Amino acid sequence: MNFERLYFLRENKDLTQTEMGNILKVSRVAISQWENNKEIIPLDKLNIYSNYFNVSLDYIVGLSNKKQTTNLNIELDKKIIGTKIKDFRKKFNISQEQLANELNTSHSTISAYEKGKTLILTVFAYTIAKNYKISLDWLCGKK
């Protein structure tokens, strides 16, 4: 996963890492780590980037070169994302166990995502979107 577009989006608006950190309510160090691919940005923070810069999640993570999307300023809803994960699994005829194995996690983790108890990890959402050629924006209920 490559988040170099985080840097370019921020720089294009002439924002410092400190200023971006203030927007996201995180430290400058966190911004630096995300921009330099040393840490994976949490999905809720990635969504704030998407909303703030008016670009799609797919664009930020490099799944698309199309910047804009519809329903941009939307907060992530764990229940909607859980429903989308279930819909995706049914469409591709994948069990929770199979998805858990593919993501190297537990069946109970997938169940918690689908029940809307836990927000899916960015790396898992990205992996699903990339491997199955579905939109990360769709998976997150943004379109």
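What you see is a predicted model; the values in this text were computed from it and never measured.
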Is the shortest side-chain heavy-atom distance between [X] and [Y] below 4.5 Å?
X: Y59; Y: L9; value: yes
X: N12; Y: F53; value: no
X: L121; Y: T105; value: no
X: K66; Y: S56; value: no
X: L103; Y: I128; value: yes
X: T109; Y: T118; value: no
X: Y113; Y: L99; value: no
X: F3; Y: L46; value: yes

Give the minimum heavy-atom separation between [X] and [Y], together with the two atoms involved.
X: E75; Y: N47; answer: CA-ND2, 4.0 Å
X: R5; Y: I60; answer: CB-O, 3.7 Å
X: L139; Y: A125; answer: CD2-O, 3.8 Å
X: K45; Y: L24; answer: NZ-O, 2.8 Å
X: S50; Y: K142; answer: OG-NZ, 3.1 Å
X: K79; Y: K115; answer: NZ-O, 3.9 Å

Rounded to the nearest 0.5 Å, what's the gap from [atom1] on [X] to [atom2] on [Y]? Could you check?
X: L76; Y: I81; atom1: CG; atom2: CD1; value: 4.5 Å
X: E19; Y: K13; atom1: CD; atom2: NZ; value: 13.0 Å
X: L57; Y: L63; atom1: CG; atom2: CG; value: 9.5 Å
X: K84; Y: I134; atom1: NZ; atom2: CD1; value: 9.5 Å
X: L6; Y: S32; atom1: CG; atom2: OG; value: 11.5 Å
X: K91; Y: Y132; atom1: NZ; atom2: OH; value: 12.5 Å

Residues H107, E97; criterion side chain to side chain donor-acceptor pair (under 3.5 Å); working and verdict: CA-CA 5 Å; H107 176 269; E97 193 68 40; 4.7 Å; no

If hydrophobic clusters are built by linking Ile, Leu, Val, Met, Phe, Trp and Tyr wherever their side-chain heavy atoms come under 4.5 Å apart, do [X] and [Y] end up in the same one?
X: V123; Y: I110; result: yes
X: Y7; Y: V26; result: no
X: M20; Y: V29; result: no
X: W34; Y: F8; result: no

Stepwise side-chain contact (heavy atoms from CB on, under 4.5 Å) check, F92 with Q98: CA-CA 11 Å; F92 288 92; Q98 288 169 314; over 6 Å; no

Distance-only donor-acceptor check, side chains T18 and T16, under 3.5 Å: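 No, T16 and T18 have no side-chain donor paired with an acceptor closer than 3.5 Å.
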
Crowding at CG, N93 (>12 non-hydrogen neighbours, <6.0 Å):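 Check fails, neighbour count at 12 or below.
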
Within 6.0 angstrom of F88 CZ, more than 12 heavy atoms from elsewhere: yes

Check: E4 main-chain N/O paired with N2 side-chain donor or acceptor under 3.5 Å: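 Present.
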
Donor-acceptor under 3.5 Å (R10 side chain, L15 main chain):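 Answer holds: yes.
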
Stepwise side-chain contact (heavy atoms from CB on, under 4.5 Å) test for W138 and D58: CA-CA 9 Å; W138 174 84; D58 292 321; over 6 Å; no

I40 and Y126: CA distance, side-chain angles, deciding distance, side-chain contact (heavy atoms from CB on, under 4.5 Å) verdict: CA-CA 11 Å; I40 296 175; Y126 173 84; over 6 Å; no

Verdict with reasoning, R89 to E114, per side-chain contact (heavy atoms from CB on, under 4.5 Å): CA-CA 10 Å; R89 274 195 320 97; E114 290 187 359; 2.4 Å; yes

